[in-house]
Amino acid sequence: MQSYTIGQAARLLGVSPDTARRWADAGRVATHRDEGGRRLIDGRDLAAFSVEVAQAGPGEGEVPYTSARNAFPGIVTAVKLGDVAAQVEIQAGPHRLVSLLTREAVEELGLEVGMRATARVKSTSVHIDRT
């Protein structure tokens, strides 16, 4: 299973490394140390935590003023395989993206929960909200 450094986890969660470190220090997400002494987070633990953080929503005063770009780097939080089709969920910061693709594509990419992946979106209609 893939593990992530605090810095990598912070990028995937859309927060600063200091915030990710504070969350780990507070026990909100489990860490372990590698041979070099670096703190790592197991991919499955990070996937579950990313969903928890996203469901909590932005904190007070953290209203985003952004137009989301079409590339969403994140972490795979679910893979559902059918006979021919598959569904893959990615948590990219506060964004949950769900993609339907072939089972063959999922197997070729070796996608599984806890892995880093980037969802790319192409749309003919994009709506922008300022909140």
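As the structure is a prediction and not an experimental result, all values here were calculated from the model.
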Asks: Do NZ/NE/NH1/NH2 and the carboxylate oxygens of Asp25 and Arg22 come within less than 4.0 Å?
Replies: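 Judged by the 4.0 Å cut-off on N to carboxylate O distance, Asp25 and Arg22 do not form a salt bridge.
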
Asks: Determine whether Lys80 and Val106 make a side-chain contact, defined as any pair of heavy atoms from C-beta on separated by less than 4.5 Å.
Replies: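 No. Closest side-chain heavy atoms not under 4.5 Å.
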
Asks: Between Ser50 and Ala47, what is the shortest heavy-atom contact and its length?
Replies: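 Here Ser50 and Ala47 meet closest at OG-O, 2.8 Å.
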
Asks: Apply side chain to side chain contact (heavy atoms under 4.5 Å, CB included) to Arg116 and list each qualifying residue two or more places apart in sequence or on a separate chain.
Replies: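 Arg116: side chain to side chain contact (heavy atoms under 4.5 Å, CB included) contacts with Gln2, Tyr4, Gln8, Leu12.
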
Asks: Determine all donor-acceptor pairs shorter than 3.5 Å in which one atom belongs to a side chain in residues 81-90; sequence neighbours excluded.
Replies:
{"residue": "Glu89", "atom": "OE1", "partner": "Arg96", "partner atom": "NE", "Å": "3.2"}
{"residue": "Glu89", "atom": "OE2", "partner": "Arg96", "partner atom": "NH2", "Å": "3.4"}

Asks: State whether the side chain of Glu112 and the backbone N or O of Gly114 hold a donor-acceptor pair below 3.5 Å, judged by distance alone.
Replies: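 It does not hold such a pair.
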
Asks: Taking all atoms of both residues into account, what is the closest heavy-atom pair of Ala10 and Ala20, and its distance?
Replies: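 The pair with the smallest heavy-atom distance is CB-CB, 3.9 Å.
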
Asks: Over all heavy atoms of both residues, which pair between Gly110 and Met115 is shortest? Give the atoms and the distance, please.
Replies: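 Reported closest heavy-atom pair: O-SD, 2.9 Å.
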
Asks: Measure the CZ-CG distance between Arg11 and Leu13 for me, rounded to the nearest 0.5 Å.
Replies: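 Spacing of CZ (Arg11) from CG (Leu13) equals 11.0 Å.
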
Asks: Can you find a pair of side-chain heavy atoms, one from Leu40 and one from Thr31, that are under 4.5 Å apart?
Replies: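 Sidechains of Thr31 and Leu40: no contact.
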
Asks: What distance do His32 atom NE2 and Ser3 atom OG have between them, rounded to the nearest 0.5 Å?
Replies: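 Here the interatomic distance stands at 3.5 Å.
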
Asks: Of all heavy-atom pairs between Ile6 and Pro17, which one has the smallest distance, and what is that distance?
Replies: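 Answer, listing the atom of Ile6 first, then Pro17: CG2-O, 3.7 Å.
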
Asks: Salt bridge or not for Asp45 and Arg28, using N-O below 4.0 Å?
Replies: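 No, this pair does not count.
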
Asks: Tell me, please, which residues at least two apart from Arg103 pass salt bridge (charged side-chain N to carboxylate O under 4.0 Å, His left out).
Replies: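 Expected list: Glu107.
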
Asks: Could you report the tightest heavy-atom contact between Gly43 and Ile75, atom names first, then the distance?
Replies: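 Shortest heavy-atom separation between Gly43 and Ile75 comes out as O-CD1, 3.6 Å.
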
Asks: Got Ile41 and Phe49 here, is their nearest side-chain heavy-atom distance under 4.5 Å?
Replies: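 No, every pair of side-chain atoms sits at 4.5 Å or beyond.
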
Asks: Do you know which two heavy atoms are closest between Ala92 and Pro73, and how far apart they sit?
Replies: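 Looking at all heavy atoms of both residues, the shortest contact is CB-O, 3.3 Å.
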
Asks: Would a hydrophobic clustering, with Ile, Leu, Val, Met, Phe, Trp and Tyr connected at side-chain separations under 4.5 Å, put Leu101 with Val79?
Replies: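 Same cluster: Leu101 reaches Val79 through Ile, Leu, Val, Met, Phe, Trp or Tyr contacts under 4.5 Å.
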
